[in-house]
Number of protein chains: 2
Amino acid sequence: MKEAEAADPRPYHHGDLRRALVEAAVRLVEADGPGAMSLRAVAREAGVSPAAPYHHFKDKSELLDAVAHEGWEKLDLAFQAARDAQTSPPDRVRELGVAYVRFAMAHPALYRVMYDCSRDKADMPAHVHENEESAYRRVRNVLISAGADPADEVGLELATIACWCAAHGLAEMTSFKQFDALKAELGGEDAFLRGVLSHVGVFARGLER
Amino acid sequence: MKEAEAADPRPYHHGDLRRALVEAAVRLVEADGPGAMSLRAVAREAGVSPAAPYHHFKDKSELLDAVAHEGWEKLDLAFQAARDAQTSPPDRVRELGVAYVRFAMAHPALYRVMYDCSRDKADMPAHVHENEESAYRRVRNVLISAGADPADEVGLELATIACWCAAHGLAEMTSFKQFDALKAELGGEDAFLRGVLSHVGVFARGLER
DNA sequence: AGATCATCTTGACAACGTTCAGATGGCGCC
DNA sequence: GGCGCCATCTGAACGTTGTCAAGATGATCT
């Protein structure tokens, strides 16, 4: 085979399996859900034998890690867009949250894989992925540019975590509840998302103003 | 076999399989994680053949539904305790959140199953489980007793959703990040949880007071 | 007692993850 | 330029899983 699949160093025998496998995996995950993604199906899709993937990934879970990595990169792209939008800094925090939830709604299966992988690697103490970390930093920086005090390490971290939690919670929630009535009443999905994200302050009642 | 397993109507042949299966399933899930729970292992644990469960559950997923149901009931118990605690109504909202997260931390695998099941049944339009719904109502009622306006349907629902999202997000987060440094700095886990839940107000900056 | 019906077992099937011995072919070395 | 090496891929196999169909078992009702 001399297909010359337009890969930079034109590395292997096949063209560039590994890349082909990851792409096939992402496609299958997004099409039929994470549960339906079998190693054999991925190999089939890529046109290789069921054992071929084992020369590029030690495990099925390592393939899923690669899929998750792809997801974090896409999320980072969505963040970039929201961060560059021309809104006032405080609004930008909220818009980042909206962008996050919209990403999860656009790629529900991918989103699930991203978090499943994080969970399964939680045994290592204080381990963080690069991409996961970069997304975290991005939120943190927007908070600072929105007026948070960079010197208050603890407060800043708590705020970042809180943002993340609310956005992640809402993202998961919208994946199995439609809230159609609410959305209609509020005049659209965006209004709904902003509404929820704005309202989380209820937890703060009685503390911290 | 005439074991007479102390079941109310002493219903079946075996004693009360179904109950035994659900309990074995919960045990296995909590012990080795949701992924390690196989139908055959559950049957083995209960001392029956691999096909026996199919007379009580149409699917593996239906067994998992039962496990999830068990989980929602346990969560409801934890809520009950937090709701009956002698705290001022506004604090009670936050303590409900803390109780929720503590439940998730105490039963991480069960918690995961609860949400995986909800997700997988999201195809039905506007379908809600009874237990899921009851937990939802409970939060809503505490919000009302904490001073929320019961007449403002939309606002109340948004607030309930927001509480839920923040708590669920934090619950998931703590399942794969330890936050040990932060907890130490704040003087304990409870302080950490309260800190995050109190801080979610950042999303509200620029909107809603 | 004898029939009925839910309950449980046996045995089978396809699909899966994973492994291992061997085929294949591109690359550097002489 | 020929040769050998080693990464890459194949084929076949093993054990396990979810699921199903056909038969055995035994409690319950008349």
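Values below: every heavy atom of this structure, side chains too, minus hydrogens, waters and symmetry copies.
Remark: C1' of C/dA6 and CZ of B/Phe57 are 16 Å apart, rounded to the nearest angstrom. Between B/Lys58 atom NZ and D/dG18 atom P the separation is 15 Å, expressed in whole Å.
Under a 4.0 Å N-O distance rule, the pair A/Arg194/A/Glu95 qualifies as a salt bridge. For B/Arg18 and B/Glu62, the salt-bridge test fails: no basic side-chain N is under 4.0 Å from an acidic carboxylate O.
Position along DNA chain D of the nearest nucleotide to B/Asp59 versus B/His55 favours B/Asp59 as the more 5'-ward residue. Between A/Pro50 and B/Pro50, the residue whose closest nucleotide on DNA chain C is further toward the 5' end is B/Pro50. When the nearest nucleotides of DNA chain D are assigned to A/Arg40 and A/Ala52 by heavy-atom distance, the more 5′-ward of the two goes with A/Ala52.
Sorted by residue number, the list of members of residues 26-34 of chain B with any non-hydrogen atom under 4.0 Å from DNA chain C is empty.
The shortest distance between the side-chain N/O atoms of B/His56 and the OP1/OP2 oxygens of C/dC8 is below 4.0 Å. OP1 or OP2 of D/dT17 lies within a sub-4.0 Å distance of a side-chain N or O belonging to B/Arg44.
Proximity of B/Phe176 to A/Tyr115: side-chain heavy atoms (C-beta onward) are separated by under 4.5 Å at one or more points.
Comparing C/dG11, C/dG17, C/dT19 by their closest approach to the side chain of A/Ala51 singles out C/dT19.
The closest donor-acceptor contact from the side chain of B/Lys183 to the backbone of B/Gln178 lies under 3.5 Å.
When all heavy atoms are compared, the tightest approach of A/Ser49 to A/Ala43 is O-CB, 3.5 Å.
A distance of 7.5 Å separates CD1 of A/Ile144 from OG1 of A/Thr160, quoted to the nearest 0.5 Å.
Nucleic acid contact class of B/Ser49 (heavy atoms, under 4.0 Å, all strands): base.
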